[in-house]
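Note sheet for the following structure.
Excluded from the calculations below are hydrogen atoms, water molecules and symmetry mates; all remaining heavy atoms, backbone and side chain alike, are included. Order of the sequence lines sets the chain letters (A, B, ...), proteins ahead of strands, with each chain counted from 1.
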Amino acid sequence: MRWSKSFIPTVRETPADAEVVSHQLLLRAGMIRQLASGLYSFLPLAWRVMQKIMTIIREEMNRIGGQEFHLPALHPAELWKESGRWEIMGENMFRLRDRRGSELCLGMTHEEVFTAIARHELRSYKQLPQVWYQIQTKFRDEPRPRSGVLRVREFIMKDAYTFDLDWEGLDRAYRNQYEAYCRIFDRCGLKYLVVHASSGAMGGQESAEFMVLTDAGEDHIALCEACGYAANTEKATSRILDIADADGLPVPEMFPTPGVRTIKDLEDFPGGAPADRQIKTLAYFLDDQFTLLLLRGDHELNETKLVEATGAMHIRPAHPEEIKAALGAYPGSIGAVGVTAYPILADFALRGRRNMVTGANRDDFHLRGVDVERDIRVTKWADLRLVKMGEGCPQCEGTLTVRKGLEIGHIFKLGTRYSESMGAYVLNQEGKAVPLVMGSYGIGVERVMAAAVELSHDAEGIIWPITIAPFQVILVPVNMADAAQRAAAERLYTDLLAANIEVLYDDRDERAGVKFKDADLIGIPIRVTIGPQKLARGQVEILRRRTRAVEDVALETALTRIRKIIEEETREVLAR
RNA sequence: CGGGGCGUAGCUCAGCCUGGUGAGAGCGCACGGUUCGGGACCGUGAGGUCGGUGGUUCAAAUCCACUCGCCCCGACCA
């Protein structure tokens, strides 16, 4: 490709509203442009990268027996009503009506449609297992699109679905996908982590996320260096030290705490208590049921765990006025002692604790000497706590650190969640109808591209892993006005093309500095420079973007050498 | 949805607080010239409904109201 004929609109200055590195660099490299909030156009350079990623994905999916489909993005509402997700997805789903008034939605994911195909067509265990996938656009009306291409409302996802007769089959399918994912991300040159995850709105039993560690990510991952435990904090558990409580009072005692509203206030208040001796009381509505949630004062609620523990579909914190009406006090003075009218969920960390301090349900008063199990009618104990940096690993004696991660892939063991709700059954060997056991597996294509940028860039621009780079080689004659340089460049260009090497030929009539800056910015792994001095000696210069290592080679042997370097670079991507 | 911020040339921004000078700068773009291995220099030029609507005023980019859009921080997910 000749640069002079290409559309590669690089920009010098970083656009003001780009915060994360991948957003800034993809914009500056002339790869993406924003159309509206959460909607991006992919320009030719970006599309080349995405196609390479998709090719790698296809190869690995096909390798494990995957069969590629292409399903509609527009779905009838009935399908989603059958699975129950028409309600669950709420505002995140784009909904519309056709001219006859029928309800439709834009697909957020494709469990429903694939299951609908499966239930019509799969009848016998003899047809199993099946591994189906597609690479297709998904629509999600995100409450807050952000970080460039990382969180958007329309994106390309590779989604795969497996159908098996039984759980052993699903385990195998899941394992295959897991390994395929590892190969995909390895080949894309990403350094990633596999973490235990919550399955959220997808439902199902077990799930794992593929994460790239970067501050641009939105997830928090708890890691143990000692044993390798890694979990999304939505799911993570931890070991915390037992606290030995002194004997308390025979009965809780109310005391005035004027102005005390927070855990911190009460710590500082004379006669108060350290955070780990306080009971934090939160009021939530769980599907319209007012509920009290109890945690240790220094612990934070994990809403994902709350949803999983209760099965609630919609949760929200209660408003101050609602709390006042229910308990007789405003937040800051509420507690669960003596409360019988509402369910009370308590975190395991409060079990057996005595001599605690909590709100008295009277503004500006607290209770001391509270023995949790004696004084509070807990309806359910659960793990509700968000793990924190520095707590103990749940699997070994190590310590957890918490780091930010970007989710690039997620695999789920769905089980029979969809096959049962949507009636996808096959006959087994005994002639008995059994629900298909399903798995679902997703990769965000744009995120893979952005993650590569987040992980691999420098002050000058992007450094693409050669496996997904838009071009393998960029050829830059330093001065197009020099006939000798131009002739040499044209010849090498023709040779590279003939050798099937992906080359971007910077034939623009620009100064060398401009070309070098642009080459660095768009991140082509191998730069071949043709300049006056070296050319006079019959040589060209080869520079590697990542290491900046430079070597001069004879013009005649350049092609061979470049081929060799491409092989080396490719090997290095896989080795990293 | 709650909180914060921003909309002036293709891009980055100044001007606004304290209304009134011919709406500006740098970069980019076009043309001419000199340059030519790390975003060159000189000259000339094109380019704007100051996000939109309404209002206040003799006078609005500037003040007020409404509205649209975008970004960032918190609850969702590839």
Side-chain angles (χ1 to χ4, degrees), chain A residues 9-20 23 27-28 33-39 57 88-93 108-109 135-160 181 197-202 207 209-212 217-219 232 234 284 301-304 306-307 314-317 319 406-412 440-451 460-461 476-482 485 509-521 527 529-535 541 543 548 550:
Chain A
T10 58
V11 303
R12 288 189 197 209
E13 286 180 279
T14 301
D17 48 17
E19 294 258 316
V20 302
H23 188 196
L27 229 30
R28 287 194 53 214
R33 289 294 183 262
Q34 185 179 43
L35 181 63
S37 181
L39 299 175
I57 291 173
I88 293 173
M89 291 310 191
E91 302 244 85
N92 268 16
M93 181 182 263
M108 305 176 64
T109 168
I135 297 177
Q136 202 240 21
T137 305
K138 308 296 183 214
F139 298 88
R140 299 184 186 178
D141 195 0
E142 292 290 341
R144 187 157 89 77
R146 82 193 103 172
S147 306
V149 121
L150 294 182
R151 171 152 236 89
V152 291
R153 297 191 293 172
E154 174 180 335
F155 61 97
I156 297 176
M157 179 161 96
K158 184 288 298 181
D159 46 324
Y181 273 42
S198 155
S199 45
M202 302 300 279
S207 91
E209 288 168 327
F210 290 74
M211 291 279 189
V212 164
E218 299 170 356
D219 285 282
N232 194 307
E234 287 180 346
Y284 266 70
L301 174 67
N302 181 332
E303 290 196 349
T304 305
L306 174 61
V307 168
H314 297 289
I315 64 165
R316 67 167 177 90
H319 302 304
L406 170 66
E407 180 185 2
I408 51 174
H410 199 161
I411 59 178
F412 303 82
S440 100
Y441 318 87
I443 293 177
V445 175
E446 293 92 329
R447 280 199 185 168
V448 170
M449 173 169 71
E460 297 300 316
V476 317
V478 151
N479 185 351
M480 286 300 284
D482 176 355
Q485 286 177 45
D509 189 17
E510 289 284 356
R511 295 169 60 88
V514 172
K515 295 187 181 187
F516 292 155
K517 288 286 185 189
D518 271 343
D520 285 347
L521 179 59
R527 189 182 86 194
T529 313
I530 298 183
Q533 278 96 36
K534 289 173 185 177
L535 185 60
E541 172 188 291
L543 173 140
R548 298 241 159 238
V550 174

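A/L27 places none of its side-chain heavy atoms less than 4.5 Å from the side chain of A/V11. The closest side-chain heavy-atom distance from A/L150 to A/H23 is not below 4.5 Å.
Nucleic acid contact for A/D482: none, since no nucleic acid atom lies under 4.0 Å from a heavy atom of the residue. As judged by a 4.0 angstrom heavy-atom cut-off over every strand, A/A18 is placed among residues making no nucleic acid contact. Nucleic acid contact class of A/D520 (heavy atoms, under 4.0 Å, all strands): base. Using a 4.0 Å heavy-atom criterion, one finds that A/E13 contacts the bases of the nucleic acid, with or without backbone contacts as well. Residue A/P143 is in base contact, counting any heavy-atom pair closer than 4.0 Å across all strands shown. Nucleic acid contact for A/R33: none, since no nucleic acid atom lies under 4.0 Å from a heavy atom of the residue. Nucleic acid contact for A/E209: none, since no nucleic acid atom lies under 4.0 Å from a heavy atom of the residue. No engagement by A/V445 is indicated, since no non-hydrogen atom pair under 4.0 Å with the nucleic acid exists. When heavy atoms are screened at a 4.0 angstrom cut-off, A/S147 is found touching the sugar-phosphate backbone but no base atom. Counting any heavy atom pair closer than 4.0 Å across all strands shown, A/P145 reaches sugar-phosphate atoms only and no base atom.
For the pair A/L150 CG and B/C73 C1', the computed distance is 16 Å after rounding to whole Å. Atom P of nucleotide B/C77 and atom CD of A/E407 are separated by 10 Å, given to the nearest angstrom. Rounded to an integer number of Å, the gap from CZ of A/R144 to P of B/G69 is 17 Å. Atom CG in A/D518 sits roughly 11 Å away from atom P in B/A40 (whole-Å rounding). As rounded to whole Å, 14 Å separates atom C1' of B/A78 from atom CD of A/E154. A straight line from CG of A/L406 to C1' of B/A78 spans 9 Å, rounded to a whole angstrom. One can place CE of A/M93 at 16 Å from C1' of B/A78, the figure rounded to the nearest angstrom. For A/L35 and B/G69, the CG to P distance is 13 Å, given to the nearest whole Å.
Using Watson-Crick or G-U wobble geometry with both donor-acceptor distances under 3.5 Å, B/A14 finds no partner in any strand shown. A 3.5 Å limit on both hydrogen-bonding distances identifies B/C6 as the Watson-Crick or G-U partner of B/G69. In this structure, B/G22 makes no Watson-Crick or G-U wobble pair, since no nucleotide meets both defining distances under 3.5 angstrom. Here B/A78 sits opposite no nucleotide as a Watson-Crick or G-U wobble pair (both hydrogen-bonding atom distances under 3.5 Å). Here B/A61 sits opposite no nucleotide as a Watson-Crick or G-U wobble pair (both hydrogen-bonding atom distances under 3.5 Å). Within the shown strands, B/G43 is the pairing partner of B/C31 under the Watson-Crick or G-U definition, both distances less than 3.5 Å. The nucleotide B/C36 finds no pairing partner, because no Watson-Crick or G-U wobble arrangement with both distances shorter than 3.5 Å includes it.
Not one N or O on the side chain of A/R153 forms a donor-acceptor pair closer than 3.5 Å with the backbone of A/D141. For A/E407 (side chain) and A/E209 (main-chain N/O), no donor-acceptor pair under 3.5 Å exists by modelled atom type.
B/G20 and B/C63 are spaced 14 Å apart, taking the C1' atom of each and rounding to whole Å. Nucleotides B/C72 and B/A65 place their C1' atoms 26 Å apart, quoted to the nearest Å. The same atom, C1', is picked in B/U21 and in B/G7; the two are 26 Å apart, to the nearest Å. When the C1' atom is compared between B/C64 and B/G45, the two are found 40 Å apart, to the nearest whole Å. Nucleotides B/U49 and B/U8 are separated by 11 Å at their P atoms, to the nearest Å. Between the P atoms of B/A23 and B/C70, the separation comes to 32 Å (whole Å). Taking the P atom of each, B/A75 and B/A9 are spaced 36 Å apart, rounded to whole Å. Across the C1' atoms, B/C31 and B/U67 are found 43 Å apart, a figure rounded to whole Å.
By the side chain to side chain donor-acceptor pair (under 3.5 Å) test, A/K515 is found to be paired with no residue, residues two or more places apart in sequence or in another chain being considered. Every residue was checked against the salt bridge (Lys or Arg N to Asp or Glu O under 4.0 Å) condition with A/R12, not counting sequence neighbours, and none meets it. A/E446 is linked by a side-chain contact (heavy atoms from CB on, under 4.5 Å) to A/F42, A/M50, A/V149, A/F155, A/I156, counting only residues two or more places apart in sequence or in another chain. Annotation: ring-ring contact (aromatic ring centres under 6.0 Å, His included) contacts of A/Y441 (sequence neighbours excluded): none. Scored by the side-chain contact (heavy atoms from CB on, under 4.5 Å) test, A/E154 finds A/L39, A/T137, A/F139 as partners (sequence neighbours excluded).
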List every contact pair, protein side and nucleotides 35-37 of chain B side both N or O, where the distance is under 3.5 Å.
from: B/U35; atom 1: O2; to: A/R511; atom 2: NH1; distance (Å): 2.7
from: B/C36; atom 1: O2'; to: A/N479; atom 2: ND2; distance (Å): 2.9
from: B/G37; atom 1: O6; to: A/G531; atom 2: N; distance (Å): 3.4
from: B/G37; atom 1: N1; to: A/E541; atom 2: OE1; distance (Å): 3.2
from: B/G37; atom 1: N2; to: A/E541; atom 2: OE1; distance (Å): 2.8
from: B/G37; atom 1: N2; to: A/E541; atom 2: OE2; distance (Å): 2.7

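Interatomic distance, NZ of A/K517 versus CZ of A/R511, reported as 13.5 Å (0.5 Å rounding). Distance CD1/A/I443 to NE2/A/H410: 12.5 Å, rounded to 0.5 Å.
In the set B/C77, B/G38, B/C73, B/G38 carries the atom at the smallest distance from any side-chain atom of A/E460. Minimum atom distance to the side chain of A/N92 is reached by B/C76, of the listed B/C76, B/A78, B/C70.
A residue-by-residue look at A/R12 and A/T304 shows that A/R12 has its nearest nucleotide of RNA chain B further toward the 5' end. Both A/A16 and A/F210 sit near RNA chain B, but only A/A16 has its closest nucleotide nearer the 5' end.
For A/S37, a side-chain nitrogen or oxygen approaches OP1 or OP2 of B/C71 to under 4.0 Å.
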